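Everything below concerns the one structure shown next.
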Amino acid sequence: MKRREFIQLSATLSAGAMAPVALTGCAERPLPGTGEVVRTPTVCNVCFWRCAGTVSTENGRPWKIEGNPDDLHSTGRFCTRGDGGLGMYTDPDRLKQPMIRVTENGQQRFRPATWDEAFDYIAAKMNRIKDEHGEDRLCLFSHGPGGSYFRRMLTAFGSRGYTQPSFAQCRGPRDVGFALTFGEGVGSPDRTDMENSRCIVLIGSHLGENLHNSQVQTWISALRKGATLITVDPRFSVAAGKSKHWLPIKPGTDMALLLAWMHVLINEGLYDADYVDRYVNGLDKLTAHVQQFTPEWAFTQTGIRPEVIRETAREMAKAAPATVVHPGRHVTWYGDDTQRSRAIAILTALLGSWGREGGYLAMENVNLPRYPLPDPPAPKNNWMQAVQGEYPLAPAGIAQKVIDGSIGDDAFFKGWFVYGTNLGYTIPGVTEKLQQAAQSLDLFVVVDTMPYAITGYADVILPECTYLERLDPIRNSPEREPSLAVNFPAFEPKYDSKPGWWIAKHIAERLGLGDWFPWKDYGEELDWQLRQVGSSLDEMRRIGVKKFPRTTPKYFAPNENRQFNTGSGKIELHSDLLADYGHDPLPVYTPPPTRPDEKHLHLNYGRAAAHTFGRTINNPTLFELMPENTAWVHPVAAGDFGVSNGEYVRLKNQDGVESLPVRIRVTQRIRPDSVYLVHGFGHKESQLGLANGRGADDQGLITRILVDPIMGGTGMRGNFVTLIPEEASA
Amino acid sequence: MIRYAMVIDTKLCIGCGDCVVACKTENKVPAGLNRDWVVEATTGTYPNLKTEFRSERCNHCAKPTCLYACPTAATYRWEDTNIVLVDPNKCTGCGACIAACPYDARLIMNEGYVSKCTFCHHRVEQGLDPACVSSCPTRCMHFGVLDDPNSTVSKLLASREHKALLDETGNEPQVYFLT
Ligand code: SF4
Ligand code: SF4
Ligand code: SF4
């Protein structure tokens, strides 16, 4: 028998009571807001942007969420998802009580448990791991602010293993690429100064469909003021439709274009010579390197005409330094992603826009003291060396390497905490590995608000309440102006769910580590922190957001001399560090994988404004707005496959993996050789009443992974699918 | 009659649907029903394309055919404005207004009466913008009084190319789209 069979939660859950549906009922409907309205400051957690706002209830019922005008993440306006955040609270399919895996008559299932039982179970297993393998063999997979309590608990125990799929599956390459060039990364929220840009260049970045609030707001405000938008995307994205220049590039050839742009800037003398003289190393090597990458050559790769390449390069230079070549966010595409991010960073340096108004600014947060805690035990082993030693330039945990490092009897990791991340739908091609890890781990804990697929592997499932029912760590993210924001519970936790801090504190207490959570209520810690900077929890409950003055300049001063945090102290166009580790010191072009045959189309994917990955599909409000994704195909491709608009097909990839049925959307907005899917759909869990069976999962179709040799990112864009009309596959 | 208008900049609208969610929550519109919706209109062939996003709703027509069609006077104008409302207590659910509206802007509530966009008159009364307008993250929506030449809506219509939907019906729709 398998150590851990995958268990669908539905059977266990259907026994639970359904939440009542809030319906007002009678014809006499009072106008909204005429009842008793209570407002509570919130920090949105529908995505990780964490906009600050206000939750309103009317007569004790959930009413609405609005942005806080003092908050620069939102300027008083939440995005589509944030405005639909109450659905996270009302979702009747939420996790309702702790559950423990049991085996009865040879059958594995979950049984409802008390919190005490769950804590005892977890503490006993952790102590056993400590005795048998060492205290450093647990790892946390995390997404979201609440991961910090579990990290604290595990650090106290002696385990430093920590990974966020947002590194190797998303932003890692750009942060490494920019750090190699400028000595520091882009950060999040991204330090683009778009509101002051006169020219914005998007490389496959689909702002607008990707709705990170202040990103979109600053981008649109630049367009309102007449900034030039240049969008490079094979698909006619929303952003492409707002562009002065849309460059419908052949998929995967962006590097050729970036190199040709460097060629034009250098050969036409359009780069910022002053800036380059003062701050930059390696122009001579770059100049020699890019001579081969003429616009005429780039045309053969990208399909973008040489005169368009020249004209757009000139536009960028004309607006410089108020030109942002946007770093993108999800940039794990073709395996050369750190190098492509380097190319973007190099262009940025040539334009002189790093540290300059309208280019990249220095964001600032509040110097907020940490709550005093005991000294952590020294790590017994270097876990990064143990599981991802072949990527010495990766500054963070590489999720898929951590999974590899948890498979087998001699694996480094023996226990997992998975907080707020549905790994199988987040890391491409990982299903089998997850199953293997589930067979060899000694402890598998999932903490989440919803019964996502990942819960099927767990020994223990811990239901966290939503952000609307708990305190979260103080939001102190870098912004144009520093500010703090606090998330207060607008509701009591529903069902038997609990805040993350409460869960982590109790586990720590079971382990004898209670002094790491030395208070009764997490609010005490927040209040202490706030008092160090002249505020308090009470004040924050009144105002939600507190602004602080900047203490550092936003931009470089004119003629300022500065040191960069790189080997040479300069901005490095040519990277000796990369050369030392056996990588190309200057970005080179590698042609992308080609279609195996005429019947296979490039699989491309992206986001929609209505959803945050797969985490909101089951949110009743957002589900209504977008209940399923569609497979975009060009009319020519639709003709070739004999499919029409609205018809269901399955997508089958080059390795034979098939998706759930997905509707065809025939549109001119895509190339005839490509298919486009919005990410996050295709859940196969019947306990997700709305999301189950809706649309196709792109992650499942991404089985060919192009690994970034520098930082271990999982390039996802080298996959191809063919269309199988639904009746044929039945 | 005071003329309220909505002016929406299609050049800046990203089709995000926030206006739809904000309306639903503000006005407690039941599941499955919507007072506003977003249309994507793409023209041309790859790669010569144009996409227009339009956030659409009741046009609060100056000549509202729905109001003329209503046999019970349940459909009425709010105070002395062009804002068209429905009184649920007078509405019999006969559906004459639904047939008479060129924009398909009316919906039938589960209880049987007809409902629609109110231009959020309950907010307008307090000097606030409608919920959809004040939630739009791109600030592409504007609301105000057309009779005032200095209002944002008047200035935008004076300075920008614009259109209204199905102008030819003679309804004099008051939701304008900057193009
Ligand atoms: S961007 Fe949207 S979903 Fe994300 S935190 Fe802000 S309002 Fe919430
Ligand atoms: S909220 Fe604004 S940007 Fe979004 S669809 Fe509506 S009108 Fe357009
Ligand atoms: S004006 Fe009010 S009722 Fe009308 S669509 Fe906007 S939010 Fe809805």
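Letters A, B, ... mirror the listed sequences (proteins, then strands); counts begin at 1. Remember, it's a predicted structure, so these values are computed and weren't measured experimentally.
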[X], part contacting chain A, at a heavy-atom distance under 4.5 Å:
{"X": "B/Cys136", "result": "both"}
{"X": "B/Ser115", "result": "neither"}
{"X": "B/Arg123", "result": "side chain"}
{"X": "B/Cys91", "result": "neither"}
{"X": "B/Thr42", "result": "side chain"}
{"X": "B/Glu40", "result": "side chain"}

Given a strict heavy-atom distance threshold of 4.5 Å, which part of [X] is in contact with chain B: side chain, backbone, both, or neither?
{"X": "A/Arg81", "answer": "neither"}
{"X": "A/Glu58", "answer": "side chain"}
{"X": "A/Ile670", "answer": "backbone"}
{"X": "A/Thr75", "answer": "both"}

Exercise. Within the side chain of A/Thr42, is there an N or O that forms a donor-acceptor pair under 3.5 Å with the backbone of A/Gly53?
Worked result: no
Problem set entry | Sidechain-backbone polar pair: B/Asp87 side chain, B/Asn89 backbone, donor-acceptor under 3.5 Å | yes
Exercise. Between B/Asp9 and B/Lys11, is there a salt bridge with N-O shorter than 4.0 Å?
Worked result: no
Considering all heavy atoms of both residues, which atom of [X] and which atom of [Y] are nearest to each other, and what is their separation?
{"X": "A/Arg77", "Y": "A/Gln217", "answer": "O-NE2, 3.5 Å"}
{"X": "A/Pro62", "Y": "A/Tyr89", "answer": "CG-CE2, 3.9 Å"}
{"X": "B/Phe53", "Y": "B/Val38", "answer": "CD2-CG1, 4.5 Å"}

Problem set entry | chain A contacts, top residue of B/Gly112, B/Ala22, B/Ser134, B/Cys120 (heavy-atom pairs, under 4.5 Å) | B/Ser134
Hey, which of [options] has the most heavy atom pairs under 4.5 Å with chain B?
{"options": "A/Asn213, A/Thr621, A/Thr80", "answer": "A/Thr80"}
{"options": "A/Lys64, A/Glu209, A/Glu66, A/Arg669", "answer": "A/Arg669"}
{"options": "A/Cys79, A/Ser214, A/Pro32", "answer": "A/Pro32"}
{"options": "A/Leu625, A/Ile65, A/Leu207", "answer": "A/Leu625"}

Exercise. For the atom pair CG (A/Leu257) and OG1 (A/Thr312), what is the distance rounded to the nearest 0.5 Å?
Worked result: 6.5 Å
Exercise. Can you tell me if A/Asp91 and A/Asn619 form a side-chain donor-acceptor pair at under 3.5 Å?
Worked result: no
Exercise. After noting the C-alpha distance and the side-chain angles of B/Glu79 and B/His121, does the key distance pass the side chain to side chain donor-acceptor pair (under 3.5 Å) rule?
Worked result: CA-CA 10 Å; B/Glu79 295 175 355; B/His121 70 293; over 6 Å; no
Exercise. Are B/Tyr46 and A/Trp632 an aromatic pair by the rule of ring centers under 6.0 Å?
Worked result: no
